[in-house]
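This report concerns only the one structure given below.
Small disclaimer: the values here were computed from a predicted structure and weren't measured.
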Amino acid sequence: MLYCPFMVHAWKTLRGFGCLHLGCFYYESVKVGAIVTLELLEQIQQAEQRAEEARQNATRQAREIVSAVEEANIAQQRQMAVELRELVQGVMDEARAKANVEIERLQAQNDAQNLALSAKAQSLREQAAQRIFERIVNDGHC
């Protein structure tokens, strides 16, 4: 960078903001502007790079979160399926027990009816045998 010999002290004081001497002001300000512009471009590129890295990290973290939520959802669904099977099995066992009690009640009722019918049939058989005997004896077929 070229300095104006008249403004070396001012140049150092102003730290690169251009020489105030009219002869070299334009050249120095263009040079300084180019340096500042390059520094700004580098800063912008670095900021863009940091922003891209942050975006990639956020995307990766979001995917990890979604994956973790999906895994948790699958585990919860499996647990709920197990609990539902256990509940259904409990209801089925209870219904089976009630059905067995009803079967035993109906079986006892059926046995009682069978005994009553057997007793009645035995009575009717004895009456039938008595009538047959009386008929044979009274009609004289002996």
Side-chain angles (χ1 to χ4, degrees), residues 1-139 141:
M1 189 181 263
L2 297 174
Y3 299 112
C4 173
F6 301 108
M7 298 301 283
V8 171
H9 178 70
W11 179 260
K12 290 180 183 176
T13 305
L14 295 174
R15 296 181 190 194
F17 287 100
C19 180
L20 299 177
H21 183 261
L22 292 177
C24 61
F25 177 75
Y26 179 74
Y27 177 77
E28 291 296 322
S29 64
V30 169
K31 264 311 223 181
V32 170
I35 292 171
V36 170
T37 303
L38 286 176
E39 288 176 2
L40 286 175
L41 285 176
E42 287 176 8
Q43 289 176 356
I44 290 170
Q45 287 175 344
Q46 290 173 356
E48 286 176 345
Q49 185 177 5
R50 286 191 304 268
E52 179 63 22
E53 290 172 359
R55 188 193 63 77
Q56 289 175 354
N57 286 338
T59 301
R60 181 183 47 78
Q61 288 175 352
R63 286 186 184 134
E64 289 173 359
I65 289 170
V66 167
S67 177
V69 167
E70 287 175 348
E71 289 174 9
N73 189 19
I74 289 170
Q76 184 179 19
Q77 287 177 351
R78 287 181 182 155
Q79 180 62 31
M80 290 176 68
V82 167
E83 290 174 4
L84 181 61
R85 276 193 293 270
E86 290 173 356
L87 180 64
V88 168
Q89 186 63 40
V91 169
M92 292 291 290
D93 290 344
E94 186 177 316
R96 193 172 290 124
K98 286 181 181 179
N100 285 338
V101 167
E102 183 67 15
I103 288 170
E104 289 175 6
R105 185 187 68 77
L106 291 174
Q107 187 67 39
Q109 184 180 4
N110 193 20
D111 289 345
Q113 287 176 350
N114 284 341
L115 284 175
L117 288 174
S118 291
K120 187 173 182 180
Q122 180 65 27
S123 168
L124 290 175
R125 189 177 27 192
E126 289 174 6
Q127 287 177 3
Q130 182 65 31
R131 285 188 182 167
I132 292 171
F133 179 74
E134 289 175 1
R135 224 178 191 186
I136 293 173
V137 171
N138 288 339
D139 289 339
H141 293 293

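Not counting sequence neighbours, Arg78 has no partner by the salt bridge (charged side-chain N to carboxylate O under 4.0 Å, His left out) test. Taking Glu134 as the reference, Gln130 meet the side chain to side chain donor-acceptor pair (under 3.5 Å) condition, with sequence neighbours excluded. With sequence neighbours left out, Asn110 forms a side chain to side chain contact (heavy atoms under 4.5 Å, CB included) with Gln113, Asn114. Remark: Arg63 pairs with Thr59 by the side chain to side chain contact (heavy atoms under 4.5 Å, CB included) rule, at least two apart or across chains. For Glu64, the side chain to side chain donor-acceptor pair (under 3.5 Å) criterion is met by Arg60, not counting sequence neighbours.
In the model, Asn57 has no side-chain atom that pairs as donor or acceptor with a side-chain atom of Gln61 under 3.5 Å.
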Distance-only donor-acceptor hits, side chain of residues 81-104, under 3.5 Å, sequence neighbours excluded:
unit_1: Glu83; atom_1: OE2; unit_2: Gln79; atom_2: NE2; d: 3.2
unit_1: Gln89; atom_1: NE2; unit_2: Asp93; atom_2: OD1; d: 3.1
unit_1: Asp93; atom_1: OD1; unit_2: Arg96; atom_2: NH1; d: 3.2
unit_1: Asn100; atom_1: ND2; unit_2: Arg96; atom_2: O; d: 3.4
unit_1: Glu102; atom_1: OE1; unit_2: Arg105; atom_2: NE; d: 3.3
unit_1: Glu102; atom_1: OE2; unit_2: Arg105; atom_2: NH2; d: 2.5

Scan the side chains in residues 46-53 for donor-acceptor partners under 3.5 Å anywhere in the protein, sequence neighbours excluded, and list what turns up.
unit_1: Glu52; atom_1: OE1; unit_2: Arg55; atom_2: NE; d: 3.3
unit_1: Glu52; atom_1: OE2; unit_2: Arg55; atom_2: NH2; d: 2.5
unit_1: Glu52; atom_1: OE2; unit_2: Gln56; atom_2: NE2; d: 3.1

